[in-house]
There are 2 protein chains.
Amino acid sequence: MDKTAVLQAFEALSSGIRLDVFRLLVVAGREGRVAGDIASTLDLPATNLSFHLKALTQSGLLSVEQEGRYQRYRANIPLMVQVIAYLTDNCCAGHPEDCAGLRQTLDCSNEASRRR
Amino acid sequence: MDKTAVLQAFEALSSGIRLDVFRLLVVAGREGRVAGDIASTLDLPATNLSFHLKALTQSGLLSVEQEGRYQRYRANIPLMVQVIAYLTDNCCAGHPEDCAGLRQTLDCSNEASRRR
DNA sequence: ACAATACTTCAATTGTTATTGAATCATTAA
DNA sequence: TTAATGATTCAATAACAATTGAAGTATTGT
């Protein structure tokens, strides 16, 4: 994973609007959401949302697919995982207990995470 | 975990210098590193590094401790974990297989992660 | 006490990012 | 084919972040 890609991802996530958009699409999963749907959910002018969707897409965190006159956006989960891996790389070198919470937090197949 | 805290963390990580600093300290672990040490490792002027250390510290991603005339910085791993949790929250609702790579990637106590 | 070292703050400049309304493009419905 | 809808682009303005050198504060060594 190269640093500039990770940086672009963090830049993309460092705006409140884009963070909301991305999280919305993380939850939406495979189905994704079309732009207008996102705009009304987050109560944003189309022009401003478009600006942020472009930034997120250019960072690679979102993908777009055209559906007639709609644009369907989806979160790129594998990229998200790679970014996290880059950040946490070697995080507990010598002291695995320091980041014990990490595995637990991220085991999204367990009960606790479903309750979160 | 509140959104503004997460945003501050992403803002902090969205600069190449701060990303390098943070990762350096993630690897350094409990021991941390003093400012001058970080400056020489990353080849940065003290004044510029100081600016970025302040931003990282204000975001909560770093802690500082004074040691005589030195300032020792450490990564705040629990906050990093919370930020990741916020981002990945509900990431595989209904489709656990979509983020199967997540658990594996982040199991830093396993062999593969030590080799990364 | 004085000088040196470690680091931070300040102020000025430069560069980058966000927001908005108007205009545009593409697709669908009448 | 004309009108309506969904979405993006453009240009202008406003807001914010990064870098630098000079000055300042705190601690240690002589």
Side-chain angles (χ1 to χ4, degrees), chain A residues 3-25 28 31-76, chain B residues 3-25 28 31-75 83:
Chain A
K3 182 180 159 186
T4 64
V6 174
L7 260 180
Q8 283 181 330
F10 283 129
E11 271 161 28
L13 295 170
S14 70
S15 127
I17 290 176
R18 290 194 296 263
L19 185 56
D20 287 345
V21 170
F22 184 72
R23 273 166 40 91
L24 193 65
L25 291 172
E31 198 192 334
R33 300 264 221 135
V34 299
D37 182 15
I38 300 169
S40 60
T41 301
L42 300 178
D43 192 26
L44 291 169
T47 174
N48 192 15
L49 175 63
S50 195
F51 170 81
H52 289 294
L53 285 172
K54 190 179 179 182
L56 278 161
T57 304
Q58 281 175 345
S59 80
L61 281 172
L62 299 188
S63 64
V64 211
E65 191 184 0
Q66 184 157 5
E67 274 182 14
R69 61 179 139 180
Y70 298 83
Q71 303 288 325
R72 183 167 298 272
Y73 287 88
R74 291 184 183 87
N76 181 352
Chain B
K3 181 180 158 184
T4 63
V6 174
L7 260 179
Q8 283 181 331
F10 283 129
E11 271 160 28
L13 293 171
S14 70
S15 127
I17 291 176
R18 291 193 296 263
L19 185 57
D20 288 345
V21 170
F22 184 72
R23 273 167 40 92
L24 193 67
L25 290 172
E31 197 192 333
R33 301 263 222 136
V34 300
D37 182 14
I38 299 169
S40 59
T41 300
L42 300 179
D43 192 27
L44 291 169
T47 174
N48 192 15
L49 176 63
S50 195
F51 170 80
H52 291 293
L53 284 172
K54 190 180 180 182
L56 278 162
T57 304
Q58 281 174 345
S59 80
L61 281 172
L62 299 188
S63 64
V64 211
E65 191 185 1
Q66 184 157 6
E67 275 182 13
R69 62 177 136 179
Y70 298 83
Q71 302 289 324
R72 182 167 298 271
Y73 287 88
R74 292 185 182 85
V83 168

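The structure presented is a predicted model; accordingly, all values stated were derived computationally and were not measured. To find a chain, count down the sequence lines: A is the first, B the second, and so on, and within it residues start at 1.
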**Q.** Rounded distance in Å - CD (A:Gln8) to C1' (C:dT16)
**A.** 15 Å

Q. Who pairs with B:Lys3 by side-chain contact (heavy atoms from CB on, under 4.5 Å), at least two apart in sequence or on another chain?
A. A:Leu19, A:Asp20, B:Leu7, B:Tyr86

Q) Could you give the CZ-to-P distance, from B:Arg33 to C:dA6, as a whole number of Å? A) 16 Å

Q | B/S/- contact track for nucleotides 19-30 of chain C, protein heavy atom under 4.0 Å | A | BBB-----BSS-

Q: Round to a whole Å and report the spacing from CD of B:Gln71 to C1' of C:dT8.
A: 9 Å

Donor-acceptor pairs under 3.5 angstrom involving side-chain atoms of residues 61-69 of chain A: please list them, not counting sequence neighbours.
residue : atom : partner : partner atom : Å
A:Glu65 : OE1  : A:Arg74 : NH1          : 2.9
A:Gln66 : NE2  : A:Gly68 : O            : 3.1
A:Glu67 : OE1  : A:Arg72 : NE           : 3.2
A:Glu67 : OE1  : A:Arg72 : NH2          : 3.3
A:Glu67 : OE2  : A:Arg72 : NE           : 2.8

Q. Counting any heavy atom closer than 4.0 Å, what does B:Ala46 reach on the DNA or RNA strands: base, sugar-phosphate only, or nothing?
A. base

Q: Go through the steps for A:Leu13 and B:Val6 under the test side chain to side chain contact (heavy atoms under 4.5 Å, CB included), then give the verdict.
A: CA-CA 9 Å; A:Leu13 295 170; B:Val6 174; over 6 Å; no

Q: Quickly work out the A:Ile38 CD1 to D:dA7 P distance and round it to whole Å.
A: 9 Å

Q.
Tell me the interatomic distance from B:Leu7, atom CG, to D:dA17, atom P, rounded to whole angstroms.
A. 12 Å

Got a list of side-chain donor-acceptor pairs under 3.5 Å for residues 42-53 of chain A, not counting sequence neighbours?
residue : atom : partner : partner atom : Å
A:Asn48 : OD1  : A:His52 : NE2          : 3.3
A:His52 : ND1  : A:Arg18 : NH1          : 3.1

Q: Under 4.0 Å between any heavy atoms, over every strand shown, what does A:Arg72 touch: base, sugar-phosphate, or nothing? Just pick one.
A: nothing

Q: Just jot down the side chain to side chain donor-acceptor pair (under 3.5 Å) partners of A:Arg33, sequence neighbours excluded, or say none.
A: A:Asp37, A:Thr41

Q: Using heavy atoms and a sub-4.0 Å distance, could you list which residues of residues 53-61 of chain A are near DNA chain C? By number, please.
A: none

Q: Quickly work out the B:Leu13 CG to D:dA17 P distance and round it to whole Å.
A: 15 Å

Q. C:dT8 phosphate, OP1 or OP2: any side-chain N/O from B:Tyr73 under 4.0 angstrom?
A. yes

Q | Between OG on residue A:Ser59 and CG on residue A:Asn76, distance to nearest 0.5 Å | A | 8.5 Å

Q: Measure from CG on A:Asp37 to C1' on D:dA7 and round the result to the nearest Å.
A: 14 Å

Q: Identify the heavy atoms of B:Ser14 and A:Ser14 that sit nearest to each other, and give their distance.
A: OG-OG, 3.9 Å

Q.
Would you compute the distance between atom CD1 of A:Ile38 and atom CD1 of A:Ile17 and round it to the nearest 0.5 angstrom?
A. 12.5 Å

